[in-house]
Asks: 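Below is one structure. I have some questions about it.
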Protein chains: 2
Amino acid sequence: MAKNVSQSVIKRLPRYYRFLIDFEKNGISRISSGGLAEKMGLTASQIRQDLNCFGGFGQQGYGYNVPELSREIAEILGINRRVGAIILGAGNLGRAISTHMSFEKLGFNLIGIFEKKEAIVGQMVNGLPVRSISGLDEFCRSYKPQVAVLCIPQDEAEKAITQLLKLGIKGFWNFSHYDFNEKFPDVPVENVHLSDSLMTFCYKIKEYGENNK
Amino acid sequence: MAKNVSQSVIKRLPRYYRFLIDFEKNGISRISSGGLAEKMGLTASQIRQDLNCFGGFGQQGYGYNVPELSREIAEILGINRRVGAIILGAGNLGRAISTHMSFEKLGFNLIGIFEKKEAIVGQMVNGLPVRSISGLDEFCRSYKPQVAVLCIPQDEAEKAITQLLKLGIKGFWNFSHYDFNEKFPDVPVENVHLSDSLMTFCYKIKEYGENNK
DNA sequence: AAAAAATTGTCAAATTTTTATCAATAAATT
DNA sequence: AATTTATTGATAAAAATTTGACAATTTTTT
């Protein structure tokens with residue numbers, strides 16, 4: 001089905017999906033590549049070519065059917081599944097992620113939150129009890145989560161990743177500063193390096209300031 | 001000084017910086033493009049070309065001096081400044097960002113946190129009092145923050161952005177689902193679309209699963 | 001001090017990504 | 001029912017990005 005799909009295309013899919021869901025909510029049932037391009041600040045050509053990696057979802061003279069296209073993209077991304085997920089680290093960030101993210105709408109099923117600091121263990125977060133990291137092995141053997149969200153400090157990451165891989169974890173949504181590349185180059189990981197983003201923001205602000213003196 | 005620097009290069013700079021700071025911490029004072037490439041999973045050629053956009057920081061036969069190079073990149077990114085920043089939204093995410101991020105090490109000075117829900121107003125977060133959104137105008141006129149971190153719901157974003165722009169805010173670190181493109185195409189914004197990232201992660205897991213049956 | 005090894009910065013080639021073009025076809029209009 | 005308009009999917013062209021190659025130069029070794 002899918003042609004040779006580049007990472008650039010994949011990275012754009014969630015944004016397409018976001019816009020399409022928004023259209024659906026607003027009762028817009030039809031959109032042309034040109035119309036979408038204008039809203040998104042892209043070229044119509046790029047949108048058509050992106051979508052065509054996965055199939056001809058449009059119709060000449062008409063455009064794209066919004067609900068149909070959003071369904072197709074959801075299918076491509078795989079967000080209609082329920083992949084078991086656990087969070088490691090119930091600090092500020094871990095708790096915020098667990099309450100803030102709609103895991104269930106985005107392909108996952110959050111089934112456990114683990115924390116090293118015993119003081120936090122037992123607290124309820126988003127309807128789930130914070131569990132002691134000491135029970136991680138047993139929990140994983142029982143409930144077989146497939147992915148882990150890393151909200152732990154950088155220096156605890158390597159040990160945790162090694163342990164989790166042994167327990168059958170297949171991928172990581174990584175909020176830690178740890179870089180998988182060196183030791184785990186082939187493990188599926190999606191990084192959210194907030195510090196990198198903040199630095200990029202810093203550069204943008206500086207650049208904007210310099211160009212608008 | 002800087003040649004025509006592409007966005008691709010800029011996006012890689014924070015990661016270079018992260019690795020260099022790590023080297024410094026570990027007492028590594030010298031690194032070649034080849035050595036760095038191996039650690040980072042890039043090509044030596046790319047690293048040399050990236051750095052050369054900003055100047056010849058290396059030395060033939062020797063490589064790059066780690067502290068010097070990290071200083072240079074910090075300078076390029078502008079993280080040695082202290083740009084005044086406020087956070088809008090003291091929900092789970094806003095509070096997590098304010099406590100979790102080292103704003104001071106990354107070019108910013110967090111001076112205020114604002115929240116609509118009066119129940120939260122007055123709480124202390126990371127040494128700062130959560131202020132009522134009703135005092136935003138006055139605060140901005142007094143303290144002149146230059147950037148805002150948006151941790152508010154999508155449907156409150158547009159109004160807030162309009163207000164903040166009038167108050168002199170120059171850029172946004174945007175955690176909301178709101179997309180600036182349509183209404184504010186020229187405003188400096190760095191998006192952290194966590195949902196997009198989670199969807200991308202979902203795709204990666206699915207793809208990995210399909211290739212490793 | 002000379003020779004060998006290491007490594008950069010630059011230029012050119014290769015590859016990837018984006019954009020433009022256009023025939024084909026469906027929808028809308030007359 | 002015929003004509004015009006809109007719009008896709010595909011192909012080709014253009015632009016951007018990445019990689020390879022190598023002279024120049026410094027460091028290290030002998």
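So you know, we letter chains A, B, ... as the sequences are listed, proteins then strands, and number each from 1.
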Asks: Show me the pairs that pass salt bridge (Lys or Arg N to Asp or Glu O under 4.0 Å) and involve residues 81-99 of chain B, at least two apart or across chains.
Replies: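 Qualifying pairs: none.
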Asks: For nucleotides 22-24 of chain D, tabulate all protein N/O to nucleotide N/O atom pairs closer than 3.5 Å, reporting atom names and distance.
Replies:
from   : atom 1 : to    : atom 2 : distance (Å)
D:dA24 : N3     : B:Q60 : NE2    : 2.9

Asks: Go through residues 8-22 of chain A and report each residue with a non-hydrogen atom lying under 4.0 Å from DNA chain C, sorted by number.
Replies: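 Correct list: A:S8, A:R12.
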Asks: Collect all protein-nucleotide pairs involving nucleotides 2-4 of chain C in which both atoms are nitrogen or oxygen and the distance is under 3.5 Å.
Replies:
none

Asks: With salt bridge (Lys or Arg N to Asp or Glu O under 4.0 Å) as the rule and sequence neighbours excluded, what pairs involving residues 187-199 of chain A come up?
Replies: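 Qualifying pairs, neighbours excluded: A:E190-B:K204, A:D196-B:R18.
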Asks: What residues, two or more places apart in sequence or in another chain, satisfy side-chain hydrogen bond (donor to acceptor under 3.5 Å, both in side chains) together with B:E156?
Replies: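 B:K116.
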Asks: Could you name each residue pair satisfying ring-ring contact (aromatic ring centres under 6.0 Å, His included) that touches residues 88-109 of chain A, not counting sequence neighbours?
Replies: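 As it turns out, the ring-ring contact (aromatic ring centres under 6.0 Å, His included) pairs with a partner in residues 88-109 of chain A, which skip direct neighbours, are A:F108-B:F201.
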Asks: By salt bridge (Lys or Arg N to Asp or Glu O under 4.0 Å), which residues pair with A:E182, not counting sequence neighbours?
Replies: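 With neighbours one apart ignored, the set is B:K39.
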Asks: Mind listing the side-chain donor-acceptor pairs of residues 164-177 of chain A below 3.5 Å, one per line with the distance, residues two or more places apart or on another chain?
Replies:
from   : atom 1 : to     : atom 2 : distance (Å)
A:K170 : NZ     : A:G168 : O      : 3.3
A:W173 : NE1    : B:S197 : OG     : 2.9
A:N174 : OD1    : A:S176 : N      : 3.0
A:N174 : OD1    : A:S176 : OG     : 2.8
A:N174 : ND2    : A:Y178 : O      : 2.9
A:N174 : ND2    : A:N191 : OD1    : 2.8
A:S176 : OG     : A:Y178 : N      : 3.0
A:H177 : NE2    : A:S195 : OG     : 3.1

Asks: Which parts of residues 27-41 of chain A get close to DNA chain D, meaning a heavy atom less than 4.0 angstrom away?
Replies: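 The stretch gives A:S32, A:S33 as the residues lying under 4.0 Å from the strand, ordered by number.
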Asks: Test: ring-ring contact (aromatic ring centres under 6.0 Å, His included). Region: residues 7-49 of chain B. Which pairs qualify, not counting sequence neighbours?
Replies: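 Residue pairs passing ring-ring contact (aromatic ring centres under 6.0 Å, His included), neighbours aside: none found.
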Asks: Sequence neighbours left out, what passes side-chain hydrogen bond (donor to acceptor under 3.5 Å, both in side chains) with B:T162? Give chain and number order.
Replies: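 In terms of side-chain hydrogen bond (donor to acceptor under 3.5 Å, both in side chains), with neighbours along the sequence ignored, B:T162 is linked to no residue.
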